[in-house]
Amino acid sequence: MATSRSRKPRRAGSYVRISEDPSGEEKGVGRQKEDVEELAQRLGWRVGKVYEENDTSAYKRKRIRLADGRSVWRVERPEFRQMLRDYEDGVIDGIIVYDLDRLARQPRDLEDLIDLVDHFKRPVAGVTGSLDLMTENGKAMARVLVAMANKSSADTARRVARAKVQGAREGTTLPTTRAFGWQDDHVTPGPREAELLRKVIADFTAGETWSGITAAIIDSGIPTVKGGRWRLKTVQQMILSPRVAGIMPYRGKVSSLAAADEPDPKGIETAADDDQGSEQQQAHSPRDLALRNAEGAYVRGAWEPIVTVQQWEDLITEYERRREGAEFTSQGTRSYLLSGLLRCARPREDGTPCNARMVGATVGSRSGRLKTPKTIYRCPGKVSGGCGNSQRGMAGMDKLIEDLLFLHLEQNRPAEDDAQPEAEPERPDEVRLADVRKRLSMMRVGMREGSVSPESFFAVVPGLEAQEKKLVASLGKARRAQVDRAARLRTPEEVRADWDATIPCRRELLGQYLQAIIVHPAQVKGRGVFDHTTIEPVWKPLPQ
(Lines give C-alpha, C1' and ligand atoms only; values in the text may rest on other atoms or scores of the structure.)
Protein backbone atom coordinates (compact mmCIF):
# COMPACT_ATOMS: atom_id res chain seq x y z
CA MET A 1 0.00 0.00 0.00
CA ALA A 2 1.39 3.41 -0.95
CA THR A 3 2.22 5.85 1.80
CA SER A 4 0.55 9.28 2.02
CA ARG A 5 3.83 10.89 0.91
CA SER A 6 3.87 8.88 -2.35
CA ARG A 7 0.28 9.65 -3.31
CA LYS A 8 -0.24 12.32 -5.95
CA PRO A 9 -2.91 14.85 -4.98
CA ARG A 10 -6.10 14.50 -7.04
CA ARG A 11 -7.78 17.65 -5.73
CA ALA A 12 -4.92 19.98 -4.80
CA GLY A 13 -5.39 23.61 -3.87
CA SER A 14 -3.65 26.22 -6.03
CA TYR A 15 -2.69 29.42 -4.19
CA VAL A 16 -1.73 32.59 -6.10
CA ARG A 17 -1.20 36.08 -4.71
CA ILE A 18 0.19 39.46 -5.69
CA SER A 19 0.71 42.35 -3.26
CA GLU A 20 -0.23 45.28 -5.45
CA ASP A 21 -2.32 45.54 -8.58
CA PRO A 22 -3.11 49.25 -9.12
CA SER A 23 -4.68 48.61 -12.53
CA GLY A 24 -6.92 45.82 -11.26
CA GLU A 25 -6.26 43.79 -14.41
CA GLU A 26 -5.05 40.71 -12.43
CA LYS A 27 -2.28 39.97 -14.91
CA GLY A 28 0.16 38.99 -12.15
CA VAL A 29 -2.04 36.34 -10.58
CA GLY A 30 -3.00 35.22 -14.08
CA ARG A 31 0.64 34.43 -14.91
CA GLN A 32 1.05 32.63 -11.58
CA LYS A 33 -1.99 30.45 -12.29
CA GLU A 34 -0.54 29.45 -15.65
CA ASP A 35 2.81 28.48 -14.08
CA VAL A 36 1.12 26.62 -11.22
CA GLU A 37 -1.03 24.63 -13.65
CA GLU A 38 2.03 23.75 -15.74
CA LEU A 39 3.87 22.46 -12.65
CA ALA A 40 0.82 20.45 -11.58
CA GLN A 41 0.82 18.71 -14.99
CA ARG A 42 4.53 17.90 -14.72
CA LEU A 43 4.04 16.45 -11.22
CA GLY A 44 0.90 14.56 -12.19
CA TRP A 45 -1.25 16.50 -9.71
CA ARG A 46 -4.79 17.60 -10.36
CA VAL A 47 -5.84 21.09 -9.18
CA GLY A 48 -9.30 20.97 -7.67
CA LYS A 49 -9.61 24.50 -6.27
CA VAL A 50 -7.89 27.85 -6.86
CA TYR A 51 -7.35 30.32 -4.01
CA GLU A 52 -6.67 33.72 -5.52
CA GLU A 53 -5.74 36.90 -3.61
CA ASN A 54 -5.06 39.82 -5.93
CA ASP A 55 -3.75 43.13 -4.56
CA THR A 56 -3.30 41.54 -1.12
CA SER A 57 -0.31 41.94 1.20
CA ALA A 58 1.10 38.96 3.08
CA TYR A 59 3.13 41.30 5.29
CA LYS A 60 0.94 44.14 6.60
CA ARG A 61 -0.87 43.32 9.81
CA LYS A 62 -4.07 44.79 11.17
CA ARG A 63 -5.32 45.07 14.71
CA ILE A 64 -8.04 42.55 15.53
CA ARG A 65 -10.13 42.67 18.70
CA LEU A 66 -10.67 39.31 20.42
CA ALA A 67 -13.83 38.31 22.26
CA ASP A 68 -12.21 39.06 25.63
CA GLY A 69 -11.39 42.62 24.57
CA ARG A 70 -7.68 42.04 23.98
CA SER A 71 -5.96 42.72 20.68
CA VAL A 72 -3.81 40.71 18.29
CA TRP A 73 -2.13 41.78 15.07
CA ARG A 74 -2.68 39.50 12.10
CA VAL A 75 -2.35 39.55 8.33
CA GLU A 76 -5.80 39.60 6.78
CA ARG A 77 -5.92 37.02 3.95
CA PRO A 78 -9.35 35.38 3.74
CA GLU A 79 -8.46 33.02 0.86
CA PHE A 80 -5.27 31.85 2.58
CA ARG A 81 -7.22 31.08 5.77
CA GLN A 82 -9.92 29.30 3.77
CA MET A 83 -7.23 27.18 2.11
CA LEU A 84 -5.88 26.14 5.52
CA ARG A 85 -9.40 25.18 6.64
CA ASP A 86 -9.98 23.18 3.46
CA TYR A 87 -6.60 21.45 3.90
CA GLU A 88 -7.55 20.47 7.45
CA ASP A 89 -11.05 19.32 6.44
CA GLY A 90 -9.80 17.26 3.49
CA VAL A 91 -11.45 19.39 0.82
CA ILE A 92 -7.98 19.61 -0.79
CA ASP A 93 -5.26 16.97 -0.48
CA GLY A 94 -2.23 19.14 -1.24
CA ILE A 95 -1.13 22.70 -1.99
CA ILE A 96 0.78 24.07 -4.96
CA VAL A 97 2.03 27.68 -5.02
CA TYR A 98 4.12 29.85 -7.31
CA ASP A 99 6.74 30.69 -4.69
CA LEU A 100 7.20 30.51 -0.92
CA ASP A 101 7.06 34.31 -0.56
CA ARG A 102 3.64 34.26 -2.30
CA LEU A 103 2.53 31.82 0.39
CA ALA A 104 3.85 33.62 3.49
CA ARG A 105 5.84 36.67 4.55
CA GLN A 106 4.99 36.43 8.25
CA PRO A 107 6.52 33.50 10.19
CA ARG A 108 3.25 32.99 12.05
CA ASP A 109 1.40 32.17 8.82
CA LEU A 110 4.06 29.64 7.79
CA GLU A 111 3.93 27.95 11.20
CA ASP A 112 0.14 27.57 10.92
CA LEU A 113 0.64 25.65 7.65
CA ILE A 114 3.54 23.60 9.04
CA ASP A 115 1.36 22.49 11.97
CA LEU A 116 -1.23 21.15 9.53
CA VAL A 117 1.37 19.45 7.32
CA ASP A 118 2.93 17.77 10.38
CA HIS A 119 -0.42 16.27 11.29
CA PHE A 120 -2.08 15.48 7.94
CA LYS A 121 1.02 14.71 5.81
CA ARG A 122 -0.32 16.27 2.61
CA PRO A 123 2.37 17.76 0.32
CA VAL A 124 3.07 21.40 -0.52
CA ALA A 125 4.95 22.24 -3.74
CA GLY A 126 6.32 25.45 -5.29
CA VAL A 127 7.00 26.47 -8.89
CA THR A 128 10.22 28.42 -8.38
CA GLY A 129 12.10 26.10 -6.03
CA SER A 130 12.10 23.01 -3.89
CA LEU A 131 9.45 23.50 -1.23
CA ASP A 132 9.20 20.60 1.19
CA LEU A 133 7.36 21.04 4.48
CA MET A 134 7.30 17.31 5.24
CA THR A 135 10.95 17.05 6.27
CA GLU A 136 12.82 18.83 9.05
CA ASN A 137 15.43 20.19 6.64
CA GLY A 138 12.73 21.47 4.31
CA LYS A 139 10.86 23.17 7.15
CA ALA A 140 14.09 24.76 8.44
CA MET A 141 14.89 26.15 4.99
CA ALA A 142 11.32 27.48 4.58
CA ARG A 143 11.57 29.26 7.94
CA VAL A 144 14.84 30.92 6.91
CA LEU A 145 13.42 32.05 3.56
CA VAL A 146 10.26 33.48 5.14
CA ALA A 147 12.36 35.34 7.72
CA MET A 148 14.42 36.84 4.88
CA ALA A 149 11.26 37.78 2.96
CA ASN A 150 9.87 39.38 6.12
CA LYS A 151 13.01 41.51 6.48
CA SER A 152 12.85 42.50 2.83
CA SER A 153 9.26 43.67 3.31
CA ALA A 154 10.25 45.58 6.45
CA ASP A 155 13.07 47.32 4.55
CA THR A 156 10.71 48.28 1.75
CA ALA A 157 8.09 49.52 4.22
CA ARG A 158 10.71 51.65 5.93
CA ARG A 159 11.80 53.26 2.66
CA VAL A 160 8.21 53.92 1.59
CA ALA A 161 7.33 55.32 5.00
CA ARG A 162 10.42 57.55 4.93
CA ALA A 163 9.34 58.93 1.56
CA LYS A 164 5.88 59.63 2.98
CA VAL A 165 7.44 61.37 5.97
CA GLN A 166 9.37 63.62 3.61
CA GLY A 167 6.22 64.39 1.66
CA ALA A 168 4.33 65.05 4.87
CA ARG A 169 7.12 67.30 6.14
CA GLU A 170 6.82 69.39 2.98
CA GLY A 171 3.02 69.33 3.09
CA THR A 172 2.83 67.88 -0.41
CA THR A 173 1.46 64.40 0.31
CA LEU A 174 -2.09 63.95 -0.98
CA PRO A 175 -4.41 61.01 -0.33
CA THR A 176 -4.20 58.29 -2.94
CA THR A 177 -7.99 58.24 -3.24
CA ARG A 178 -10.42 61.15 -3.16
CA ALA A 179 -11.48 62.05 0.37
CA PHE A 180 -15.10 62.98 1.09
CA GLY A 181 -15.47 66.74 0.96
CA TRP A 182 -13.02 67.35 -1.88
CA GLN A 183 -13.20 67.12 -5.64
CA ASP A 184 -11.30 64.69 -7.84
CA ASP A 185 -8.19 66.91 -7.75
CA HIS A 186 -7.94 66.07 -4.00
CA VAL A 187 -7.36 69.78 -3.31
CA THR A 188 -10.52 71.78 -4.00
CA PRO A 189 -13.53 71.32 -1.66
CA GLY A 190 -16.65 70.03 -3.39
CA PRO A 191 -19.52 72.48 -2.73
CA ARG A 192 -22.18 70.02 -1.54
CA GLU A 193 -19.92 67.68 0.41
CA ALA A 194 -17.90 70.48 2.03
CA GLU A 195 -21.03 72.33 3.10
CA LEU A 196 -22.42 69.13 4.61
CA LEU A 197 -19.19 68.58 6.55
CA ARG A 198 -19.25 72.15 7.89
CA LYS A 199 -22.83 71.71 9.03
CA VAL A 200 -22.40 68.39 10.83
CA ILE A 201 -19.15 69.55 12.48
CA ALA A 202 -20.95 72.64 13.80
CA ASP A 203 -23.91 70.49 14.90
CA PHE A 204 -21.71 68.02 16.79
CA THR A 205 -19.80 70.83 18.51
CA ALA A 206 -23.16 72.31 19.54
CA GLY A 207 -24.26 69.01 21.10
CA GLU A 208 -25.69 66.77 18.36
CA THR A 209 -25.00 63.06 18.73
CA TRP A 210 -22.99 60.74 16.49
CA SER A 211 -26.22 58.95 15.62
CA GLY A 212 -27.83 62.26 14.73
CA ILE A 213 -24.84 63.32 12.63
CA THR A 214 -24.86 60.00 10.79
CA ALA A 215 -28.60 60.20 10.17
CA ALA A 216 -28.22 63.76 8.83
CA ILE A 217 -25.53 62.64 6.38
CA ILE A 218 -27.68 59.71 5.24
CA ASP A 219 -30.71 62.01 4.86
CA SER A 220 -28.67 64.37 2.67
CA GLY A 221 -28.66 61.72 -0.05
CA ILE A 222 -24.93 62.26 -0.71
CA PRO A 223 -23.19 58.85 -0.95
CA THR A 224 -19.76 57.88 0.34
CA VAL A 225 -16.79 58.31 -1.96
CA LYS A 226 -17.07 54.68 -3.03
CA GLY A 227 -20.86 54.77 -3.22
CA GLY A 228 -21.31 52.57 -0.16
CA ARG A 229 -23.50 52.90 2.91
CA TRP A 230 -22.70 55.40 5.64
CA ARG A 231 -21.78 53.89 8.99
CA LEU A 232 -21.32 55.67 12.30
CA LYS A 233 -17.68 54.55 12.52
CA THR A 234 -16.94 55.94 9.06
CA VAL A 235 -18.55 59.25 9.96
CA GLN A 236 -16.51 59.50 13.16
CA GLN A 237 -13.23 58.93 11.34
CA MET A 238 -14.16 61.44 8.64
CA ILE A 239 -15.26 64.20 11.01
CA LEU A 240 -12.40 63.84 13.50
CA SER A 241 -9.61 63.71 10.92
CA PRO A 242 -7.31 66.76 11.06
CA ARG A 243 -7.52 66.83 7.27
CA VAL A 244 -10.83 68.72 7.45
CA ALA A 245 -8.90 71.67 8.93
CA GLY A 246 -6.16 71.45 6.31
CA ILE A 247 -3.75 69.79 8.75
CA MET A 248 -1.45 67.04 7.53
CA PRO A 249 -2.38 63.73 9.20
CA TYR A 250 0.28 61.12 9.85
CA ARG A 251 -0.08 57.76 11.56
CA GLY A 252 3.57 57.23 12.35
CA LYS A 253 5.13 56.24 15.68
CA VAL A 254 5.59 59.86 16.78
CA SER A 255 3.32 62.60 15.45
CA SER A 256 6.10 65.21 15.39
CA LEU A 257 8.39 64.77 12.40
CA ALA A 258 11.21 66.49 14.26
CA ALA A 259 10.94 63.82 16.95
CA ALA A 260 11.31 60.86 14.62
CA ASP A 261 13.28 61.38 11.45
CA GLU A 262 13.10 57.65 10.73
CA PRO A 263 9.68 55.96 11.03
CA ASP A 264 9.54 52.53 12.60
CA PRO A 265 7.11 50.40 10.57
CA LYS A 266 6.61 46.90 11.97
CA GLY A 267 4.41 45.50 9.25
CA ILE A 268 1.32 47.07 10.81
CA GLU A 269 -0.94 48.78 8.33
CA THR A 270 -1.10 52.43 9.41
CA ALA A 271 -2.19 54.25 6.25
CA ALA A 272 -0.33 57.54 6.19
CA ASP A 273 -3.02 58.75 3.81
CA ASP A 274 -5.60 58.39 6.61
CA ASP A 275 -8.37 57.72 4.09
CA GLN A 276 -11.54 59.01 5.71
CA GLY A 277 -13.63 56.02 4.77
CA SER A 278 -11.17 53.34 5.82
CA GLU A 279 -10.87 51.30 8.98
CA GLN A 280 -7.98 52.62 11.00
CA GLN A 281 -6.44 52.27 14.40
CA GLN A 282 -7.80 54.74 16.91
CA ALA A 283 -5.28 57.05 18.52
CA HIS A 284 -5.66 58.18 22.13
CA SER A 285 -6.89 61.50 20.75
CA PRO A 286 -7.50 62.74 17.21
CA ARG A 287 -4.94 65.44 18.03
CA ASP A 288 -2.33 62.67 18.02
CA LEU A 289 -2.95 62.33 14.27
CA ALA A 290 -2.16 65.97 13.57
CA LEU A 291 1.38 66.46 12.32
CA ARG A 292 3.49 69.21 13.89
CA ASN A 293 6.76 70.76 12.79
CA ALA A 294 9.86 71.38 14.90
CA GLU A 295 8.29 74.51 16.40
CA GLY A 296 5.16 72.61 17.43
CA ALA A 297 2.89 74.24 14.82
CA TYR A 298 0.56 72.16 12.70
CA VAL A 299 1.92 71.15 9.29
CA ARG A 300 -0.57 72.34 6.69
CA GLY A 301 -1.41 70.14 3.71
CA ALA A 302 -1.51 71.09 0.05
CA TRP A 303 -5.32 71.00 -0.02
CA GLU A 304 -7.85 73.69 0.91
CA PRO A 305 -9.35 73.28 4.42
CA ILE A 306 -13.07 72.85 4.95
CA VAL A 307 -13.17 74.27 8.51
CA THR A 308 -10.75 76.43 10.46
CA VAL A 309 -8.19 75.00 12.88
CA GLN A 310 -10.09 76.57 15.80
CA GLN A 311 -13.34 74.92 14.68
CA TRP A 312 -11.57 71.57 14.51
CA GLU A 313 -9.99 72.12 17.94
CA ASP A 314 -13.44 72.92 19.39
CA LEU A 315 -14.81 69.77 17.77
CA ILE A 316 -12.09 67.59 19.32
CA THR A 317 -12.53 69.21 22.73
CA GLU A 318 -16.25 68.38 22.62
CA TYR A 319 -15.49 64.84 21.47
CA GLU A 320 -13.03 64.28 24.35
CA ARG A 321 -15.43 65.79 26.88
CA ARG A 322 -18.14 63.35 25.86
CA ARG A 323 -15.77 60.40 25.87
CA GLU A 324 -14.77 61.21 29.44
CA GLY A 325 -18.43 60.93 30.49
CA ALA A 326 -19.30 64.56 31.25
CA GLU A 327 -22.83 65.65 32.07
CA PHE A 328 -25.77 65.68 29.67
CA THR A 329 -25.88 68.30 26.97
CA SER A 330 -27.91 67.47 23.88
CA GLN A 331 -26.49 63.99 23.46
CA GLY A 332 -28.73 60.95 23.07
CA THR A 333 -30.91 60.86 19.99
CA ARG A 334 -32.29 63.37 17.51
CA SER A 335 -35.82 61.92 17.75
CA TYR A 336 -36.78 62.05 21.45
CA LEU A 337 -36.53 65.09 23.68
CA LEU A 338 -35.54 63.51 27.00
CA SER A 339 -33.56 60.40 26.03
CA GLY A 340 -30.46 60.15 28.22
CA LEU A 341 -31.61 62.97 30.51
CA LEU A 342 -34.10 60.82 32.42
CA ARG A 343 -32.58 58.61 35.14
CA CYS A 344 -34.42 55.59 36.53
CA ALA A 345 -34.58 55.64 40.37
CA ARG A 346 -36.31 52.29 40.87
CA PRO A 347 -34.48 50.39 43.66
CA ARG A 348 -32.39 47.38 42.71
CA GLU A 349 -32.22 44.21 44.79
CA ASP A 350 -29.43 45.68 46.92
CA GLY A 351 -31.48 48.82 47.60
CA THR A 352 -29.45 51.17 45.41
CA PRO A 353 -31.24 53.13 42.66
CA CYS A 354 -31.01 51.78 39.12
CA ASN A 355 -29.68 55.13 37.79
CA ALA A 356 -29.76 53.91 34.15
CA ARG A 357 -30.48 56.44 31.41
CA MET A 358 -34.02 56.04 30.10
CA VAL A 359 -34.48 56.21 26.34
CA GLY A 360 -37.32 56.92 23.96
CA ALA A 361 -39.05 54.12 22.09
CA THR A 362 -42.15 53.46 20.00
CA VAL A 363 -44.16 50.41 20.99
CA GLY A 364 -47.39 48.94 19.65
CA SER A 365 -50.39 47.68 21.59
CA ARG A 366 -53.08 45.48 20.07
CA SER A 367 -56.77 46.16 20.47
CA GLY A 368 -58.72 43.72 18.36
CA ARG A 369 -57.34 44.06 14.84
CA LEU A 370 -56.07 47.58 15.33
CA LYS A 371 -52.48 48.32 16.27
CA THR A 372 -51.98 51.68 17.94
CA PRO A 373 -48.37 52.81 18.31
CA LYS A 374 -47.39 54.51 21.55
CA THR A 375 -44.25 56.48 22.36
CA ILE A 376 -42.69 56.06 25.80
CA TYR A 377 -39.50 56.56 27.76
CA ARG A 378 -38.31 53.33 29.32
CA CYS A 379 -35.42 51.97 31.31
CA PRO A 380 -33.30 49.54 29.26
CA GLY A 381 -33.19 45.86 30.19
CA LYS A 382 -30.62 44.19 32.43
CA VAL A 383 -28.41 43.18 29.52
CA SER A 384 -28.04 46.90 28.73
CA GLY A 385 -27.32 47.95 32.31
CA GLY A 386 -30.84 48.94 33.38
CA CYS A 387 -33.65 47.25 35.29
CA GLY A 388 -36.23 47.26 32.50
CA ASN A 389 -39.05 48.00 34.95
CA SER A 390 -39.70 51.76 34.51
CA GLN A 391 -41.51 53.57 31.76
CA ARG A 392 -43.42 56.84 31.28
CA GLY A 393 -45.62 58.17 28.50
CA MET A 394 -43.60 60.45 26.25
CA ALA A 395 -46.16 63.16 25.57
CA GLY A 396 -46.96 63.73 29.25
CA MET A 397 -43.30 63.68 30.26
CA ASP A 398 -42.23 66.13 27.53
CA LYS A 399 -45.00 68.59 28.45
CA LEU A 400 -44.23 68.36 32.16
CA ILE A 401 -40.51 69.09 31.67
CA GLU A 402 -41.29 71.99 29.34
CA ASP A 403 -43.59 73.51 31.97
CA LEU A 404 -41.04 72.94 34.74
CA LEU A 405 -38.28 74.52 32.64
CA PHE A 406 -40.16 77.77 32.09
CA LEU A 407 -41.36 77.84 35.68
CA HIS A 408 -37.73 77.53 36.76
CA LEU A 409 -36.72 80.32 34.37
CA GLU A 410 -39.46 82.60 35.64
CA GLN A 411 -38.60 81.97 39.28
CA ASN A 412 -34.92 82.70 38.56
CA ARG A 413 -35.37 85.55 36.10
CA PRO A 414 -32.02 87.40 35.90
CA ALA A 415 -31.80 90.95 37.17
CA GLU A 416 -31.04 93.59 34.56
CA ASP A 417 -27.52 94.20 35.85
CA ASP A 418 -26.77 90.44 35.74
CA ALA A 419 -27.30 90.41 32.01
CA GLN A 420 -24.49 92.88 31.37
CA PRO A 421 -21.41 91.28 29.75
CA GLU A 422 -18.45 90.77 32.04
CA ALA A 423 -14.84 91.57 31.29
CA GLU A 424 -12.82 88.69 29.86
CA PRO A 425 -11.44 86.78 32.88
CA GLU A 426 -7.74 86.14 33.22
CA ARG A 427 -6.86 82.58 32.23
CA PRO A 428 -3.66 81.29 33.79
CA ASP A 429 -4.04 78.07 31.79
CA GLU A 430 -3.35 80.07 28.63
CA VAL A 431 -0.02 81.22 30.07
CA ARG A 432 0.85 77.66 31.14
CA LEU A 433 -0.14 76.31 27.72
CA ALA A 434 2.11 78.81 25.96
CA ASP A 435 4.98 77.79 28.27
CA VAL A 436 4.43 74.06 27.65
CA ARG A 437 4.32 74.57 23.88
CA LYS A 438 7.49 76.64 24.02
CA ARG A 439 9.29 73.87 25.93
CA LEU A 440 7.99 71.29 23.46
CA SER A 441 9.32 73.37 20.60
CA MET A 442 12.74 73.62 22.26
CA MET A 443 12.88 69.85 22.75
CA ARG A 444 11.91 69.20 19.12
CA VAL A 445 14.44 71.68 17.79
CA GLY A 446 17.10 70.19 20.06
CA MET A 447 16.29 66.70 18.84
CA ARG A 448 16.52 67.84 15.22
CA GLU A 449 19.82 69.64 15.75
CA GLY A 450 21.36 66.92 17.91
CA SER A 451 21.67 68.94 21.14
CA VAL A 452 19.00 66.79 22.84
CA SER A 453 19.59 63.04 23.08
CA PRO A 454 16.82 60.57 22.11
CA GLU A 455 16.78 59.33 25.72
CA SER A 456 16.10 62.83 27.05
CA PHE A 457 13.59 63.55 24.31
CA PHE A 458 11.43 60.50 24.95
CA ALA A 459 11.72 60.95 28.71
CA VAL A 460 10.41 64.53 28.64
CA VAL A 461 8.21 65.03 25.57
CA PRO A 462 5.39 62.54 26.42
CA GLY A 463 4.84 64.32 29.75
CA LEU A 464 4.78 67.74 28.08
CA GLU A 465 2.36 66.50 25.43
CA ALA A 466 0.08 65.15 28.18
CA GLN A 467 0.18 68.56 29.90
CA GLU A 468 -0.63 70.27 26.60
CA LYS A 469 -3.63 68.01 26.05
CA LYS A 470 -4.91 68.61 29.59
CA LEU A 471 -4.54 72.39 29.32
CA VAL A 472 -6.27 72.51 25.92
CA ALA A 473 -9.18 70.54 27.40
CA SER A 474 -9.29 72.83 30.44
CA LEU A 475 -9.40 75.95 28.28
CA GLY A 476 -12.13 74.42 26.15
CA LYS A 477 -14.15 73.66 29.27
CA ALA A 478 -13.69 77.23 30.48
CA ARG A 479 -14.88 78.62 27.15
CA ARG A 480 -17.93 76.38 27.23
CA ALA A 481 -18.69 77.40 30.81
CA GLN A 482 -18.57 81.05 29.85
CA VAL A 483 -20.88 80.47 26.90
CA ASP A 484 -23.16 78.36 29.12
CA ARG A 485 -23.30 81.08 31.76
CA ALA A 486 -24.23 83.69 29.19
CA ALA A 487 -26.93 81.38 27.83
CA ARG A 488 -28.45 80.80 31.28
CA LEU A 489 -28.67 84.54 31.94
CA ARG A 490 -31.29 84.85 29.22
CA THR A 491 -34.86 85.75 30.05
CA PRO A 492 -37.73 83.21 29.76
CA GLU A 493 -38.97 85.12 26.71
CA GLU A 494 -35.63 84.74 24.95
CA VAL A 495 -35.53 81.00 25.68
CA ARG A 496 -39.15 80.60 24.54
CA ALA A 497 -38.25 82.17 21.20
CA ASP A 498 -35.68 79.40 20.64
CA TRP A 499 -37.82 76.61 22.13
CA ASP A 500 -40.16 76.32 19.16
CA ALA A 501 -37.50 74.67 17.03
CA THR A 502 -36.11 71.21 16.36
CA ILE A 503 -35.63 68.45 18.92
CA PRO A 504 -31.80 68.85 18.92
CA CYS A 505 -32.19 72.60 19.65
CA ARG A 506 -34.57 71.89 22.51
CA ARG A 507 -32.22 69.25 23.90
CA GLU A 508 -29.38 71.77 23.80
CA LEU A 509 -31.48 74.24 25.79
CA LEU A 510 -32.38 71.59 28.37
CA GLY A 511 -28.70 70.70 28.69
CA GLN A 512 -27.95 74.30 29.70
CA TYR A 513 -30.29 74.18 32.68
CA LEU A 514 -30.70 70.53 33.73
CA GLN A 515 -28.20 68.00 35.06
CA ALA A 516 -30.70 65.15 35.10
CA ILE A 517 -34.35 64.25 35.69
CA ILE A 518 -34.90 61.57 38.33
CA VAL A 519 -37.85 59.24 37.66
CA HIS A 520 -39.01 57.63 40.91
CA PRO A 521 -41.34 54.59 40.96
CA ALA A 522 -44.95 55.56 40.28
CA GLN A 523 -47.20 55.72 43.34
CA VAL A 524 -50.46 55.96 41.44
CA LYS A 525 -51.33 52.98 39.26
CA GLY A 526 -53.67 52.82 36.30
CA ARG A 527 -53.75 53.21 32.54
CA GLY A 528 -53.50 56.78 31.34
CA VAL A 529 -52.49 58.11 34.79
CA PHE A 530 -49.37 60.30 34.84
CA ASP A 531 -47.92 60.68 38.34
CA HIS A 532 -46.02 63.96 38.07
CA THR A 533 -45.02 63.83 41.77
CA THR A 534 -42.48 61.10 40.98
CA ILE A 535 -40.51 63.36 38.60
CA GLU A 536 -37.59 65.22 40.20
CA PRO A 537 -35.61 67.66 38.03
CA VAL A 538 -32.01 68.31 39.07
CA TRP A 539 -31.12 71.84 37.99
CA LYS A 540 -27.62 73.10 37.30
CA PRO A 541 -26.35 75.72 39.76
CA LEU A 542 -27.30 79.25 38.81
CA PRO A 543 -24.43 81.44 37.57
CA GLN A 544 -22.77 83.47 40.31
Side-chain angles (χ1 to χ4, degrees), residues 24 174-247 249 271 273-280 282 286 289 301-312 314-316 318-319 322 329-340 359-362 364 373 375 394 398 498-509 511:
L174 289 174
T176 55
T177 58
R178 183 180 79 82
F180 187 88
W182 284 268
Q183 299 182 26
D184 290 337
D185 63 2
H186 301 178
V187 174
T188 309
R192 290 185 65 208
E193 294 181 2
E195 185 58 35
L196 178 61
L197 278 177
R198 292 188 192 100
K199 180 181 183 304
V200 296
I201 287 173
D203 289 348
F204 182 85
T205 306
E208 180 59 284
T209 66
W210 283 120
S211 297
I213 294 297
T214 304
I217 292 177
I218 293 173
D219 292 345
S220 73
I222 303 176
T224 68
V225 171
K226 297 180 179 179
R229 292 191 305 162
W230 285 106
R231 301 180 187 275
L232 188 145
K233 188 74 171 177
T234 305
V235 171
Q236 286 182 323
Q237 293 167 347
M238 175 177 69
I239 297 299
L240 297 176
S241 171
R243 177 182 285 115
V244 298
I247 301 170
D273 295 326
D274 189 27
D275 189 0
Q276 291 171 313
S278 66
E279 291 295 327
Q280 54 179 294
Q282 291 296 314
L289 305 181
W303 57 90
E304 296 180 34
I306 289 177
V307 297
T308 66
V309 172
Q310 186 58 57
Q311 288 171 326
W312 181 74
D314 291 343
L315 167 75
I316 303 307
E318 173 65 11
Y319 163 73
R322 296 191 194 185
T329 58
S330 58
Q331 302 176 48
T333 70
R334 65 198 298 264
S335 301
Y336 305 117
L337 181 62
L338 304 178
S339 285
V359 296
T362 301
T375 52
M394 186 174 294
D398 289 353
D498 291 338
W499 182 257
D500 297 324
T502 63
I503 292 294
C505 290
R506 292 188 178 188
R507 287 173 63 81
E508 183 179 355
L509 288 171

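None of the values given here were measured: they were computed from a predicted structure. Numbering starts at 1 and runs along the sequence shown.
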I'd like to know if the side chain of [X] reaches the main chain of [Y], judged simply by a donor and an acceptor atom lying under 3.5 Å from each other, with no hydrogens or angles considered.
X: S339; Y: G360; value: yes
X: W303; Y: V244; value: no
X: W182; Y: E304; value: yes
X: T214; Y: W210; value: yes
X: T205; Y: I201; value: yes

Quiz prompt | Residues in side chain to side chain contact (heavy atoms under 4.5 Å, CB included) contact with R198, at least two apart in sequence or another chain | solution =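 Counting only residues at least two positions away or on another chain, R198 forms a side chain to side chain contact (heavy atoms under 4.5 Å, CB included) with A194, E195, I306, V307.
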
Hey, what do you get for [atom1] ([X]) to [atom2] ([Y]), rounding to the nearest 0.5 Å?
X: F204; Y: L315; atom1: CZ; atom2: CG; answer: 6.0 Å
X: T362; Y: Y336; atom1: OG1; atom2: OH; answer: 3.5 Å
X: T188; Y: H186; atom1: OG1; atom2: NE2; answer: 11.0 Å
X: T234; Y: K226; atom1: OG1; atom2: NZ; answer: 10.0 Å
X: F180; Y: I217; atom1: CZ; atom2: CD1; answer: 6.5 Å
X: S220; Y: K199; atom1: OG; atom2: NZ; answer: 9.5 Å

Quiz prompt | side-chain contact (heavy atoms from CB on, under 4.5 Å) between R243 and I247, intermediate numbers included | solution = CA-CA 5 Å; R243 177 182 285 115; I247 301 170; over 6 Å; no

Considering non-hydrogen atoms only, spot the tightest contact between [X] and [Y] and give its length.
X: W312; Y: A245; value: CB-CB, 3.7 Å
X: Q183; Y: P191; value: NE2-CD, 3.9 Å
X: G246; Y: P305; value: N-CB, 3.6 Å

Quiz prompt | Test item: S241 and Q236 side chains (from C-beta on) under 4.5 Å apart, heavy atoms | solution =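 No - every pair of side-chain heavy atoms lies 4.5 Å or more apart.
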
Exercise. Would you sort out whether V235 and L232 count as a side-chain contact (heavy atoms from CB on, under 4.5 Å), showing the intermediate values?
Key: CA-CA 5 Å; V235 171; L232 188 145; 5.6 Å; no

Practice problem: Under the side chain to side chain donor-acceptor pair (under 3.5 Å) rule, collect the residues that match up with E193, sequence neighbours excluded. | Solution: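 Checked E193 against side chain to side chain donor-acceptor pair (under 3.5 Å); matches are R178.
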
Quiz item: Who pairs with T308 by side chain to side chain donor-acceptor pair (under 3.5 Å), at least two apart in sequence or on another chain?
Solution: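 Residues passing side chain to side chain donor-acceptor pair (under 3.5 Å) with T308: Q311.
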
